[in-house]
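Worksheet: the structure to be examined is printed underneath.
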Amino acid sequence: MEHHNKLFLLLMLLIQVLLVAAQTNSQDYNGLAALTGFWTNRPPNWVGTDPCGSNWEGIRCSNSRITELKLLSMNLEGQLSSAIQQLPELDTLDLSYNTGLTGTIPQEIGSLKKLKSLALVGCGLSGPIPDSIGALKQLTFLALNMNRFNGTIPGSIGNLTNINWLDVADNQLEGQLPVSDNKGTPGLDLLLQAQHFHMGNNKFSGQLPEKLFNSKMLLKHVLLDNNQLQGSIPSSLGQVSTLEVLRLDTNGFSGAVPSTLKNLGQLSELYLSHNKLNGSLPDLTGLNSLSYVDMSNNSFNDSDIPLWVSSLQSLTTVLLGDNQLSGTLNLTSGYSNSLQLIDLQDNQITDYKPGSKKINFQVVLAGNPICHESEAQKLSYCQLPLQTPAYTTPLNNCSAQSCSSGQVSSPNCKCAYPYTGTLYSRALSFTTLNDTDYKELEQSLLKSFESQKLPVDSVSLSNPSRNASNNNFQLTLDVFPSQTDRFNRTGVSSVAFVLSNQIFKAPEFFSPYFFNGLNYQYYGGEPKSKSKHTGAIIGAVVAVVVFLGLAFVIGMYALRQKRRAERSELNPFANWEQNPNSGAAPQLKGARWFSFEDLRKYTNNFSESNTIGSGGYGKVYQGVLPAGEVVAIKRAAQESMQGAVEFKTEIELLSRVHHKNLVSLVGFCFEKGEQMLVYEYVPNGTIMDSLTGKSGISMDWIRRLKVALGAARGLAYLHELANPPIIHRDIKSSNILLDSHLNAKVADFGLSKLLVDSERGHVTTQVKGTMGYLDPEYYMSQQLTEKSDVYSFGVVMLELVTAKRPIEQGKYIVREVMRVMDTSKDLYNLHSIVDPTIVSSTSPKGLEKFVEVAMRCVKEYASERPSMAEVVKEIENIIQLAGLNPSVESASTTESYEVPLGQNVKHLYDNEDFSHSGNFPTAKIEPQ
Ligand SMILES: *[C@@H]1O[C@H](CO)[C@@H](O)[C@H](O)[C@H]1NC(C)=O
Ligand SMILES: *[C@@H]1O[C@H](CO)[C@@H](O)[C@H](O)[C@H]1NC(C)=O
Ligand SMILES: *[C@@H]1O[C@H](CO)[C@@H](O)[C@H](O)[C@H]1NC(C)=O
Ligand SMILES: *[C@@H]1O[C@H](CO)[C@@H](O)[C@H](O)[C@H]1NC(C)=O
Ligand SMILES: *[C@@H]1O[C@H](CO)[C@@H](O)[C@H](O)[C@H]1NC(C)=O
Ligand SMILES: *[C@@H]1O[C@H](CO)[C@@H](O)[C@H](O)[C@H]1NC(C)=O
């Protein structure tokens with residue numbers, strides 16, 4: 001028996017671990033929620049509150065901290081908000097290929113001190129690259145290409161001394177490239193670890209400073225093509241002896257090419273076309289790695305074609321069209337075996353000496369005097385260069401399937417939905433590729449995917465072409481899934497990551513490359529949910545005690561509990577996301593979305609004079625909407641920003657709940673890293689302010705009864721009429737406000753909890769609330785029920801009677817009343833603790849009964865407490881006893897009672913409270 005008990009305990013312990021141990025640091029969870037809360041198309045397995053423990057797609061953790069966020073090609077829509085700073089342990093952030101990701105990169109990106117890799121390729125981002133990026137000292141990989149960034153490159157990028165890969169190509173960046181100065185301003189010349197400067201296709205202008213390049217650099221690829229750079233090509237480039245690819249084409253460079261380029265022994269591709277270069281072609285003799293040379297569309301004017309044009313041993317392609325070259329193309333002394341094309345079209349060449357050896361490459365002299373004769377037109381060297389031949393990856397010894405709609409037959413003849421994108425070479429070494437080259441490219445792609453253990457069956461390349469405007473060579477890439485007919489999000493994201501992060505090492509001839517992925521339309525088809533993981537653990541637990549049928553039953557129970565707990569934490573944004581028309585701003589009942597700008601206007605730029613309260617939460621401002629409506633705007637401080645999930649809970653709850661005894665939400669703002677709630681303005685402070693005399697509103701006994709009734713009705717509504725029911729969780733006198741007619745209004749649903757689990761009538765949660773009001777049973781059991789609010793309300797009732805704080809000078813109001821209360825005596829012997837102001841005026845009719853009800857509310861056992869509906873009835877009866885009509889709305893004995901705005905009324909939002917971490921009466925308890 002004892003043995004059984006021990007096993008039972010062990011089992012309970014294991015289950016406890018399963019249930020309680022969220023593996024994710026809660027700060028990281030909140031950060032993630034805040035960052036992605038308003039994004040649409042988040043992975044559907046993002047359920048619950050434990051990204052690390054429940055294998056959320058795109059998330060990787062280390063020691064409970066979120067270290068990787070990779071969501072590529074997921075059709076995400078949203079913005080990269082400042083909440084990014086709340087994920088300080090990230091080392092990899094890749095959101096590439098989500099064109100719906102718009103807005104700017106927030107300055108706060110600079111807080112990610114551990115970031116090593118940042119890739120935002122092919123998104124819809126715009127605005128400047130923030131200079132805080134220079135604070136990411138660990139960064140080795142930065143890819144921001146294919147967005148709409150504008151402004152200049154911040155010099156602070158020069159602080160990224162570990163950077164290896166810097167790609168800002170295909171944007172609208174402008175201005176000069178920053179170089180360091182001797183006053184300590186950093187610049188690109190300090191990036192001594194960098195191998196890649198990819199900055200093509202922007203609007204950079206001005207001169208390329210000599211200082212930009214030096215002999216300590218390790219640059220392999222310098223790509224500055226398609227910009228507006230001017231002046232001469234800096235001769236310092238010749239010092240970068242590691243250089244393999246230099247692209248300066250399509251700029252405004254002028255003058256002669258510096259002779260120092262001759263020192264670049266590793267140079268493989270040289271693009272200087274479409275500039276205003278003049279003088280002689282540079283002497284490239286000795287550059288034995290050189291394979292591709294494009295100096296077309298300049299003003300070179302050699303009077304004979306130099307020998308190196310044909311003799312360099314690695315040359316495949318020489319493009320010298322549209323210059324002023326004259327004289328003879330003399331190939332009699334031989335040429336490189338690798339040659340594919342010498343293109344000299346549109347020059348002044350008058351003679352061609354092919355020599356005796358057979359020419360197995362294309363020579364293009366069209367547009368030269370030598371081809372002007374009409375008979376010459378038919379000569380092969382007077383034809384224009386061939387277009388890139390077509391290519392499609394051949395089938396792998398099988399016969400193509402005819403597939404149902406959307407599916408494609410893979411090279412292995414399986415019907416599936418491939419992940420598709422375009423693969424670009426920024427500097428192909430060849431004029432074009434032959435089948436052997438394509439095969440090598442395919443094999444190396446497959447090998448990369450295999451080495452990452454990705455579920456890839458095959459790859460297919462097709463539609464090769466050379467882009468005439470930027471000279472990139474491009475191909476369609478289809479990646480086919482193995483196992484099933486489609487990828488899940490993890491599959492697509494991982495495949496895309498291999499390409500976005502340059503994990504795929506392309507063959508030399510194809511490097512450098514980049515990839516642009518399309519949205520994948522075919523998610524789904526993956527096994528239904530995350531239960532696999534949970535199931536495995538539960539399974540293990542069950543195995544431990546497999547012989548105990550009992551254990552199994554308990555295990556099932558535990559699983560159900562966990563599911564139930566998860567269900568109650570269900571993504572509160574789901575409804576909005578599922579509604580295709582809802583966009584980023586949720587559709588809420590009556591609640592409006594405000595832009596940050598609007599609210600700034602309405603609050604006079606959040607001026608001090610508009611501040612009506614401040615506390616742990618942040619500040620509360622009074623604002624006036626254009627229609628004249630006065631509102632209270634609760635603006636969360638950075639450090640107390642709640643998770644987006646909690647924030648939205650509050651919005652959702654408040655917007656759904658409409659009752660005259662509940663503060664109503666006018667709208668909200670969730671933008672630019674701000675969380676603001678816009679409430680109706682409730683002008684007369686909290687009932688605590690009234691009781692302590694802070695607000696200047698004195699409350700006689702009848703008024704207190706009415707206030708109690710109003711608050712009770714508000715709460716009863718939450719418990720019984722809201723659907724699903726809502727437990728407030730933080731009922732206290734500083735959360736009950738008085739409007740201009742002194743009607744009570746219950747405020748602050750920040751800690752509210754939907755009571756989804758009506759089956760058992762409670763929700764297991766982390767205990768939250770305020771000391772002094774906290775239901776002891778809830779505190780012990782962590783099981784939240786409506787009765788916990790009833791307890792808190794009982795405490796408020798006692799406050800109304802005594803005008804004392806729940807815990808004052810170490811004395812707990814509930815125990816004090818219990819101690820002195822004697823029902824056999826006059827006024828139940830409460831004279832010593834009843835607020836003298838209500839005893840002195842008229843005799844407080846019904847006070848005894850009121851205290852009785854309050855004491856029932858604070859019964860130790862929830863089951864002995866009345867429901868709020870019963871409390872409402874009891875107070876109505878008391879009011880009738882007191883000779884009043886309880887249906888009268890106003891709590892004021894004088895119907896017209898109003899306190900004008902702006903009077904020295906301390907507002908509810910003051911100091912203690914309205915903040916969840918209010919310090920009254922003592923501390924807020926949040927165990928764990
Ligand atoms: C970059 O470095 C300079 C000097 O080394 C420093 O003054 C500046 O604050 C740094 N910038 C960033 C964004 O870290
Ligand atoms: C960048 O683009 C935005 C519009 O997308 C524009 O408002 C802004 O002025 C631009 N900034 C610069 C520096 O050109
Ligand atoms: C080359 O161009 C520069 C200005 O672009 C000019 O000053 C120079 O005279 C030209 N040289 C030759 C040889 O045409
Ligand atoms: C072509 O080059 C060879 C070898 O350099 C030379 O002997 C011959 O005279 C040249 N022919 C012409 C037409 O320049
Ligand atoms: C294809 O090109 C490569 C590299 O240029 C070359 O080595 C190979 O012989 C070519 N193969 C065929 C079949 O032409
Ligand atoms: C995604 O697919 C891979 C393999 O195809 C599988 O191992 C993984 O469990 C799937 N992930 C989810 C969340 O379904």
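Numbering of ligands and ligand atoms starts at 1, following listing order. Just so it is clear, the values below take in all heavy atoms, side chains as well, and ignore hydrogens, waters and symmetry mates. Keep in mind the model is a prediction, meaning the values are calculated, not measured.
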- Query: With a 4.0 Å cut-off, strictly under, does atom 5 (O) of ligand 3 pick up any protein heavy atom?
  - Reply: yes

- Message: With the threshold set strictly below 4.0 angstrom, can you tell me whether any protein non-hydrogen atom sits that near atom 9 (O) of ligand 3?
- Response: no

- Looking at atom 3 (C) of ligand 5, what's its closest protein heavy atom, distance included? N434 ND2, 3.5 Å

- Query: Tell me: protein heavy atom nearest atom 13 (C) of ligand 5, and distance?
  - Reply: T436 OG1, 3.6 Å

- Query: Quick one: does NZ or CZ of R489 land under 6.0 Å from the six-membered ring centre of Y523, within 45 degrees of the ring axis?
  - Reply: yes

- Query: Does K357 make a cation-pi contact with Y335, if we ask for NZ or CZ under 6.0 Å from the ring centre and within 45° of the axis?
  - Reply: yes

- Message: If the cut-off is 4.0 Å to any non-hydrogen atom of N488, which atoms of ligand 6 fall inside it?
- Response: 1 (C), 2 (O), 3 (C), 8 (C), 10 (C), 11 (N), 12 (C), 14 (O)

- Interfacing atoms of ligand 6 (cut-off 4.0 Å, heavy-atom, E57): 13 (C)

- Output, in order, the C-alpha distance, side-chain angles, deciding distance and verdict of ring pair (Phe, Tyr, Trp, His ring centres under 6.0 Å) for Y419 and F480. CA-CA 7 Å; Y419 170 55; F480 289 87; over 10 Å; no

- Task: May I ask you to identify, for L433, whether its side chain, its backbone, both or neither come under 4.0 Å of ligand 5 on a heavy-atom basis?
- Result: neither

- Give the contacting part of F430 toward ligand 5: side chain, backbone, both or neither, where contact means a heavy-atom distance below 4.0 Å. side chain

- Query: Is D94 salt-bridged to K70, going by a charged N under 4.0 Å from an acidic O?
  - Reply: no

- For the residue pair Y271 and Y292, is the inter-centroid distance of their aromatic rings smaller than 6.0 Å? yes

- Message: Under 6.0 Å between ring centres: does that hold for Y97 and F515?
- Response: yes

- May I ask you to check if ligand 3 and N278 share an N or O to N or O distance below 3.5 Å? yes

- Query: Parallel under 30°, tilted from 30 to 60°, perpendicular over 60°: which one fits the rings of F510 and F473?
  - Reply: perpendicular

- Query: Taking distance alone, with no angle check, do Q483 and ligand 6 share an N/O pair under 3.5 Å?
  - Reply: yes

